[in-house]
Protein chains: 2
Amino acid sequence: MNPTPKTARRTIRVVIGEDQGMVLGALAALLEIENDISVVGRGRNGKEALQAVLDQKPDVFITDIEMPHMSGLEVAAELKRRRSSARVIILTTFARAGYLRRALDAGASGYLLKDMRAEQLAEAVRRVHQGLRVIDPELATEAWSEADPLTDRERQVLRLAGDGKQSGEIAADLNLSEGTVRNYLSEAISKLGAANRIEAARIARTKGWL
Amino acid sequence: MNPTPKTARRTIRVVIGEDQGMVLGALAALLEIENDISVVGRGRNGKEALQAVLDQKPDVFITDIEMPHMSGLEVAAELKRRRSSARVIILTTFARAGYLRRALDAGASGYLLKDMRAEQLAEAVRRVHQGLRVIDPELATEAWSEADPLTDRERQVLRLAGDGKQSGEIAADLNLSEGTVRNYLSEAISKLGAANRIEAARIARTKGWL
DNA sequence: TTAACTACCTGACATTTGTCACTTTCTCCA
DNA sequence: TGGAGAAAGTGACAAATGTCAGGTAGTTAA
């Protein structure tokens with residue numbers, strides 16, 4: 001449908017990781033329209049996606065973050081560890097500074113939001129293939145603004161509290177006293193400027209810290 | 001890519017409603033592959049989608065539920081009210097019995113989940129166009145199992161509590177005494193078999209009751 | 001090798017949350 | 001027309017939550 005750009009010498013080989021089958025297939029269809037891009041592998045969860053990248057050695061790997069078994073960020077980190085040559089584009093619903101930061105730490109070349117226009121995806125693939133970075137502009141500025149103030153324990157406890165577990169259960173899960181659990185929650189609540197554990201969990205989630 | 005089925009006499013005209021641009025474009029690309037299906041309109045929020053259906057009078061309208069301005073369910077209900085001839089397919093991430101029930105009440109002909117295989121979408125469009133219903137099998141059985149046990153007040157209160165507001169604030173918002181608010185929450189907690197307000201809100205959300 | 005800093009951990013106390021028994025208001029229908 | 005039933009509304013009591021003041025390791029920098 002689109003003309004092959006002059007710069008393209010050969011087909012850009014792409015693997016896609018995305019847990020929603022409908023979206024996975026649709027994205028593949030979208031990219032296959034382009035003459036210079038070919039989808040050579042797919043994964044419907046983190047592990048499948050990782051394996052597909054290792055098998056196919058694509059030029060570009062496009063992945064969602066929230067997937068079963070292994071998140072897209074974990075896959076990216078693993079690929080970095082293994083010195084994979086595939087450039088990684090994170091494609092997600094969530095405009096969270098914490099996610100972007102972790103993506104960049106994991107060596108990703110791109111961070112795009114699913115509510116961008118569909119036409120921009122192919123262009124992003126080409127840019128990233130050329131060695132450029134493609135970051136959603138809105139997030140790029142915000143990214144370095146705020147660091148996660150939570151300690152590991154606070155994060156753990158807050159995650160469980162956000163699921164509706166009460167202090168006693170959390171304490172049992174983590175082998176702590178109930179008082180300690182309440183203390184961590186109190187810390188987290190105060191650090192995040194929340195009024196209670198529920199709001200604290202909500203805020204942390206929004207920022208991508210959980 | 002796929003051959004035109006023998007039953008197709010003319011092109012099936014489709015409008016898509018979906019707020020994530022990337023997914024919207026990708027779904028359109030997926031359907032345009034089929035010889036007997038043509039995407040004649042798009043909406044990136046409920047109002048746009050409704051307008052597109054009214055303007056284009058398509059055979060089939062595929063829509064997400066959670067969209068700005070107007071949910072897909074509200075659009076479906078409005079189309080029913082206006083006696084639109086477009087058949088409606090709900091395409092969503094959420095396998096919630098409450099959503100399915102509301103979709104059917106709003107006269108939808110299909111309810112599909114985004115994690116189905118992409119190939120099934122075109123087939124669903126054809127079936128629905130022929131006047132058949134297409135419901136995700138997993139949900140179909142579960143759908144009528146459980147009715148929403150919450151009263152209006154309980155729902156209101158639970159929604160606010162789920163956002164982390166405390167009883168006093170909720171009481172002020174709704175002009176109730178704090179005791180009353182706590183009573184509604186207690187009722188909701190017991191009806192849903194939860195241990196506290198957070199878990200209750202989570203359960204209700206999962207079922208599509210909030 | 002201290003001092004300062006940080007994360008981790010705890011129990012005692014005050015506040016908020018959850019439960020229960022009860023009253024009021026409204027609708028439905030025999 | 002006079003219950004029966006369901007939802008809305010309330011306050012008193014018990015249980016869970018949030019705060020505070022403090023104590024123990026481990027690390028870093030003078």
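Every value quoted in this text rests on a predicted model; they were computed, and no experiment measured them. Residue numbers begin at 1 in each chain, while the letters A, B, ... track the order of the sequences.
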Starting at atom CG of B:Leu185, determine the distance to atom P of C:dC20, rounded to an integer number of angstrom.
15 Å
What is the separation between atom CG on B:Asn183 and atom C1' on D:dA14, rounded to the nearest whole Å?
16 Å
So, with a heavy-atom separation below 4.0 Å from DNA chain C, the residues of residues 192-202 of chain B are B:Asn196, B:Arg197
Under 4.0 Å between a side-chain nitrogen and a carboxylate oxygen: does that hold for B:Arg102 and B:Asp105?
no
Rounded to whole Å, NZ of A:Lys191 lies from P of C:dT6 at a distance of 10 Å
Rounded to the nearest angstrom, tell me the gap between atom CD1 in B:Ile170 and atom P in C:dT16.
14 Å
The single option from A:Glu178, A:Arg197, A:Arg182 that satisfies side chain to side chain donor-acceptor pair (under 3.5 Å) with A:Ser167 is A:Arg197
Strictly distance-based, threshold 3.5 Å: is any side-chain N or O of A:Ser38 a donor or acceptor partner for the main-chain N or O of A:Val40?
no
Which whole-number value in Å describes the distance from A:Glu178 CD to C:dG11 P?
10 Å
Whole angstrom value for the distance that separates C1' of D:dG9 from CD of B:Glu187:
12 Å
Could you report the tightest heavy-atom contact between A:Lys114 and B:Gln20, atom names first, then the distance?
CB-OE1, 2.7 Å
N or O in side chain of A:Ser186 less than 4.0 angstrom from D:dT19 OP1/OP2
yes
Choosing from D:dT17, C:dT17, D:dG11, which nucleotide comes nearest the side chain of B:Arg182?
C:dT17
Are the side chain of A:Asp36 and the backbone of A:Ile12 linked by a donor-acceptor contact shorter than 3.5 Å?
no
Heavy-atom closest pair, residues A:Ile189 and A:Ala195
CG2-C, 4.2 Å
How long is the line joining CG of A:Asn175 and P of C:dC8, in whole Å?
15 Å
Residues from residues 150-160 of chain B lying under 4.0 Å of DNA chain D - heavy atoms
B:Thr151, B:Arg153
What's B:Ser167 touching, base or sugar-phosphate or nothing? Going by heavy atoms closer than 4.0 Å.
sugar-phosphate
Does a side-chain N or O of A:Tyr184 approach OP1 or OP2 of C:dC8 to a distance below 4.0 Å, or not?
no
Going by atom types alone, do A:Gln130 and A:Arg127 pair a side-chain donor with an acceptor below 3.5 Å?
no
At under 4.0 Å, does any side-chain N or O of A:Ser177 touch on OP1 or OP2 of C:dG11?
yes
Inspect the surroundings of NZ in A:Lys47 and state if more than 12 heavy atoms from other residues, nucleotides or ligands are less than 6.0 Å away.
no
Is there a donor-acceptor pair closer than 3.5 Å between any side-chain N or O of B:Glu154 and the backbone N or O of B:Leu150?
no
